[in-house]
Amino acid sequence: MDEKYFPEAIEKKWQRRWNEIRAFEAKSDDPRPKFYCLEMLPYPSGFLHMGHVRNYSLGDALSWFKRLQGFNVLHPIGWDSFGQPAEQAAIKRGVNPREWTEQNIAHMRGQLQRLGISYDWSREIAAHRPDYYKWDQWFFLRMYERGLAYKKMSPVNWCPKEQTVLSNEQSSGGVCWRCGTAVEKRDLEQWFLRITEYAEQLVEQMKEIEADWPEKVLKRQRDWVGRSVGAYVDFAVKESDRKIRIFTTRIDTIYGATAIVLAAEHPLLGELLQESPMKKDVEAFARKVAAERASRKDPTEEEDKKGINTGVLAINPFSGESLPIWVANYVLMDYGTGAVMSVPAHDERDFEFAQKYSLPIRQVIAPVSHNQAAAEPQSTTGSDQSGVMPHAFTEYGVLINSDQWGGKTSEVAMSEMADHAEGKGFGGGAVTYRIRDWGVSRQRFWGAPVPIIYCESCGTVPEAYENLPVLLPDTADFSGTGQSPLTTVPEFVNTTCPQCKGAARRDTDTMDTFVDSSWYFFRYTDPRNELEPFDIAQAAEWTPVDQYIGGDSHAVMHLIYTRFWTKFMRDIGLVSFNEPVKKLLTQGMVTNRVEGTEEWKAMSKSLGNGVDPDDMIAAFGADAARLFILFAAPAENELRWSEAGVEGAIRFLRRVYTAVWQWRERLTNMPAGSWAPAAEEFGSGARALRRKTHQTIAKLTSDLEHLHLNTSVAALMELFNALSDFDIAPVEASDVDAFAVRETLEALVVMLAPFAPHASEEMWESLGHEGGLLNSAKWPLADAELARNEELEIPVQVNGKLRSRVIAAPDVSVEELRAAALADDKVRAFTEGHDIVKVIVVPQRLVNIVVR
RNA sequence: GCCGGAGUGGCGAAAUUGGUAUACGCACCAGACUCAAAAUCUGGCGUUCGCAAGGACAUGUCGGUUCGAGUCCGACCUCCGGCACCA
């Protein structure tokens, strides 16, 4: 230990030592309880940014804490190394994507090591390596076997800028998740994974994680799955044996239906129109709707409602009434059945549509008056004196004009009417979901090839398991036509059929990179397995993940895919649980002021407000930077970058370091063995210091468990301030005082390790523990007896206003406290001359005297 | 429009079950050290009235419950995020 704190030397020293002794490698045959701490794996862009630093500092703090507590901690890292940027580099600069990726990984690995994150490097994985993506292909084939991977021609989301398909999740809001470009629709043959098969489980099993995942992530997933309970009803087409099936959540309003409205793409439309004189007009309308939808600039903007009457009629199976069948742009083919019953009186969209086209509006639900005195029927029924409704009444109520259901409540009617429809065979209760199957085909080179072969005689054939991996060729022609570059590599395309051994062609698309990240953390448990994706027993030992940490940008992408994948793995017997992640923390963004403005925005090159982690380490050291990041704000909040804040962190480290330097000789020169003074030997100053120490241990132990790292650091600072207040020079300190100081410093240094591990190692060694924390340190235990306050300062209020404080013993009785408060001079100044109405005594906390 | 979340000093923030509002840090001010500056150390730091002791007012706004409200209830305002005709 040098006299001055030189982070550069200390950090290098300990990084080397950790590396030599493979300090953070998790062993699977360890009897201690396990803890799996995981951070979202990074894309190897080439450089870490501050968001990464924050993410990994959070995970590392928890890993250190759990390790010191005696857990067997798995803390792995890997690379989400397939994806667009490597391919962009190939297209723009002609570099080889594999080399580009490997160089980036090498550089970023160096950065992580300079940050001193305690990873188990022996388990490092990378998605672009054949020993990994082989298992992506294996999983694809397993899904194919079960009918969960299927191919269909479908309108897909197409990003014109990146020239590729996007999944629904990746084009949420109508824009590309990577570049923000408005997505277009294209018809392409694509592979899909049947995530819809798991829609119910994705919602239902959320209850297993509800308490430990952020509500905002759960909410977005719930909305994304979009579970909706209602009913199907078949409307017979008049003078035909065809039926139109509609989905509704409000079957109780069916007597108010005044039209059936179909989506422009509805498959029955052609047949319905065969004998219709309107055929040409309706088809022209449908084409116009499709064209408008394809060309819209802002896909989130709602269009004006437009429709056309087909002239064909349908029959309401409840009332027997004939209804016109319309086609309109506001009915979507990809939700429900692509057909709705239009109930203008009780649905805002239908209301708007009916007004525009003068369709009848018939009220069939009357509001329930909860408060008869205040009831103002005209304002709530939605109909004015003349019986014309000014707007739709969309709430539940009581049925009117509805045959035998008249007088029943909406709730009762919905259930009875669905049963009725089912009994009569024209419908029944139904649940629909908004979530769509996951399109995974990408017209890309840099991904895992889809392991499917097209044979002229056998058709679509899965590649044989023993032929996996289907290797990605070294390179391809990247000139870019919208087709996969793999089509330009004949050695890849041309193959033999695994069934008939005849000539065949490979699928030239690659898989969405979110396939790679859906199961990667299971691979960490057994990363070199050549026979299966992972050993079932190894995975069972480590998973589910105890704590997962990452950004919330993946709330409906990665985090929903990985839940789906886990349920599939459960169904094929690889794991035995439903949910892969017990606790999720979504960290906030790291922002910096945009120069010349008052705005704080996420660091980025284009805004010029980025901070390079390497510069930061060079200037302040990894420890100070990490300490600041964890201290400055709660983990979920936005973190505003502040160089002055980092300087504050390094000042704190320097002060602690200096204190250790000043005390180290005195503290290593103490009576031997397990010598400890008796309680009564400590002076009041030493007792106060020990009290603060044990209070701090208790606070840190609980705060770290909940990842309240900012308050943890504040508590460590308070503890250090208490040590400074115990103003004794090391040479003058008695053994008893030195004992108290040693207890404090040792606790402080160990508890600082999650935030500043290198400095803590150095200080721990200097306190006489050769080899550092990992050899000899344990998380300290709080002694409740020592932490207890010797006296209490009880606030005394008069009429709820703080007027004085009285000192009392911790075991003071209510009566004593009341007497002391009433006797206090400052209190008496406010009570004198008044009647004391009441005295409230909260034991050990507060006295409030109510006077009049 | 609908659905979430949040509003506390100059700034980041803290505050078990309703019980001392503003811990900890940043910035700022003063002092010590220094020829001087930086660094470091010490002290101060919600607003306001007061020489002081002390008082009054303060957790987005208004109202309520309570002996007591940052915390609970009601209405509203503002900001942030999500969704986008989902029948």
Side-chain angles (χ1 to χ4, degrees), chain A residues 172-174 214-224 226-228 230-231 246-251 253 257 261 263 298-305 328-332 334-343 346-350 352-353 394 432-435 552 555-556 600 627-628 631-634 636-649 651-652 654-655 658 699 702 708 710-721 724 792-805 826 829 837-851:
Chain A
S172 173
E215 179 52 34
K216 67 176 169 181
V217 173
L218 295 171
K219 176 190 178 294
R220 285 187 61 187
Q221 292 208 358
R222 230 177 261 126
D223 290 352
W224 192 259
R227 185 177 193 271
S228 182
I246 62 103
F247 175 74
T248 179
T249 54
R250 290 298 302 274
I251 194 173
T253 66
V261 187
D298 179 0
T300 63
E301 198 186 329
E302 205 167 287
E303 289 175 28
D304 286 341
K305 291 187 176 45
N329 64 341
Y330 77 97
V331 177
L332 308 175
D334 57 8
Y335 182 76
T337 61
V340 303
M341 62 175 194
S342 179
V343 185
H346 305 292
D347 181 281
E348 275 162 26
R349 294 152 301 180
D350 295 339
E352 192 187 330
F353 190 70
T394 57
T432 61
Y433 302 91
R434 204 185 71 132
I435 192 170
D552 64 6
V556 291
W600 291 82
L627 181 66
F628 165 71
F631 170 59
E636 308 76 21
N637 284 23
E638 172 190 336
L639 173 76
R640 294 189 166 191
W641 186 254
S642 154
E643 212 156 277
V646 189
E647 279 162 14
R651 263 199 295 271
F652 172 65
R654 218 180 268 140
R655 279 196 282 255
T658 302
K699 177 164 176 62
S702 133
H708 295 160
N710 56 326
T711 51
S712 293
V713 177
L716 290 176
M717 289 172 167
E718 282 189 57
L719 178 58
F720 182 75
N721 292 344
S724 305
L792 301 174
E793 195 187 62
I794 307 289
V796 183
Q797 301 178 333
V798 179
N799 286 350
K801 291 197 178 192
L802 179 69
R803 295 302 183 189
S804 184
R805 297 178 173 89
K826 288 184 197 149
V837 179
K838 199 198 258 188
V839 179
I840 288 131
V841 181
V842 184
Q844 308 192 357
R845 283 223 85 131
L846 164 141
V847 180
N848 188 16
I849 301 162
V850 185
V851 302

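Just so we're clear, the structure is a prediction, and the values are computed from it rather than from any experiment. Keep in mind that the numbers below use all heavy atoms, side chains included, and drop hydrogens, waters and symmetry copies. Numbered from 1 within each chain, the chains take letters A, B, ... in sequence-line order.
Residue A:R655 has its side chain nearest to B:C41 when only B:A87, B:C41, B:G81 are considered. If you check B:U40, B:G81, B:A84 against the side chain of A:R654, the one that comes closest is B:U40. Distance from the side chain of A:R220 is smallest for B:C83 among the nucleotides B:C83, B:C85, B:G25.
One can place CG of A:D304 at 16 Å from C1' of B:G1, the figure rounded to the nearest angstrom. Nucleotide B:A53 holds its P atom 11 Å from the NZ atom of A:K826, rounded to whole Å. To the nearest angstrom, P of B:G81 lies 18 Å from CH2 of A:W224. The CZ-P distance, from A:F353 to B:A87, rounds to 18 Å in whole Å.
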Q) Are A:T253 and A:M341 close enough, and set up right, to give a side chain to side chain contact (heavy atoms under 4.5 Å, CB included), and what steps lead you there? A) CA-CA 10 Å; A:T253 66; A:M341 62 175 194; 3.6 Å; yes

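Using Watson-Crick or G-U wobble geometry with both donor-acceptor distances under 3.5 Å, B:U8 finds no partner in any strand shown. Base pairing of B:C28 is made with B:G44, judged by Watson-Crick or G-U wobble geometry with both donor-acceptor distances under 3.5 Å.
At the heavy-atom level, A:K219 lies under 4.0 Å from base atoms of the strands shown. A:E793 comes within contact range of at least one nucleobase, with a heavy-atom separation under 4.0 Å. Residue-level contact check: A:R805 touches the bases, meaning some heavy atom is under 4.0 Å from a base atom. Among the atoms of the strands shown, only primed sugar atoms or phosphate atoms (P, OP1, OP2) are found under 4.0 Å from some heavy atom of A:N721. Residue-level contact check: A:G226 touches neither bases nor backbone, having no heavy atom under 4.0 Å from any strand. If you check every strand for non-hydrogen atoms under 4.0 Å, A:V331 touches a base.
Here the CG-OG distance, from A:L719 to A:S724, works out to 9.5 Å after rounding to the nearest 0.5 Å. Within the model, atoms CG of A:L639 and CZ of A:F631 stand 11.5 Å from one another, a figure rounded to the nearest 0.5 Å.
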Pairwise N/O distances under 3.5 Å, protein to nucleotides 55-58 of chain B:
| from | atom 1 | to | atom 2 | distance (Å) |
| --- | --- | --- | --- | --- |
| B:A56 | OP1 | A:R803 | NH2 | 3.1 |
| B:A56 | OP2 | A:R803 | NH1 | 3.2 |
| B:C57 | OP2 | A:K801 | NZ | 2.7 |

Q. Can you give one letter per nucleotide of nucleotides 12-19 of chain B, 5' to 3': B if a protein heavy atom sits under 4.0 Å from the base, S if only from the sugar-phosphate, - if neither?
A. BSS--B-B

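Here B:G12 is in the anti range [glycosidic angle more than 90° from 0].
Note: A:F353 and A:Y330 have tilted aromatic rings, judged against thresholds of 30 and 60 degrees for the angle between ring planes.
A:E638 CD: more than 12 foreign heavy atoms inside a 6.0 Å radius.
Nearest-nucleotide positions on RNA chain B for A:V850 and A:G336 put A:V850 closer to the 5' end.
Comparing the same atom, C1', in B:G9 and in B:C24 gives a spacing of 14 Å after rounding to whole Å.
Side-chain N/O atoms of A:K838 include one lying less than 4.0 angstrom from OP1 or OP2 on B:C67.
Using a 4.5 Å heavy-atom cutoff, the side chains of A:V850 and A:N799 are in contact. For the pair A:R250 and A:V343, the minimum side-chain heavy-atom distance is 4.5 Å or more.
When each of A:R220, A:K219, A:R227 is paired with A:D223, the side-chain hydrogen bond (donor to acceptor under 3.5 Å, both in side chains) condition holds for A:K219 and for no other.
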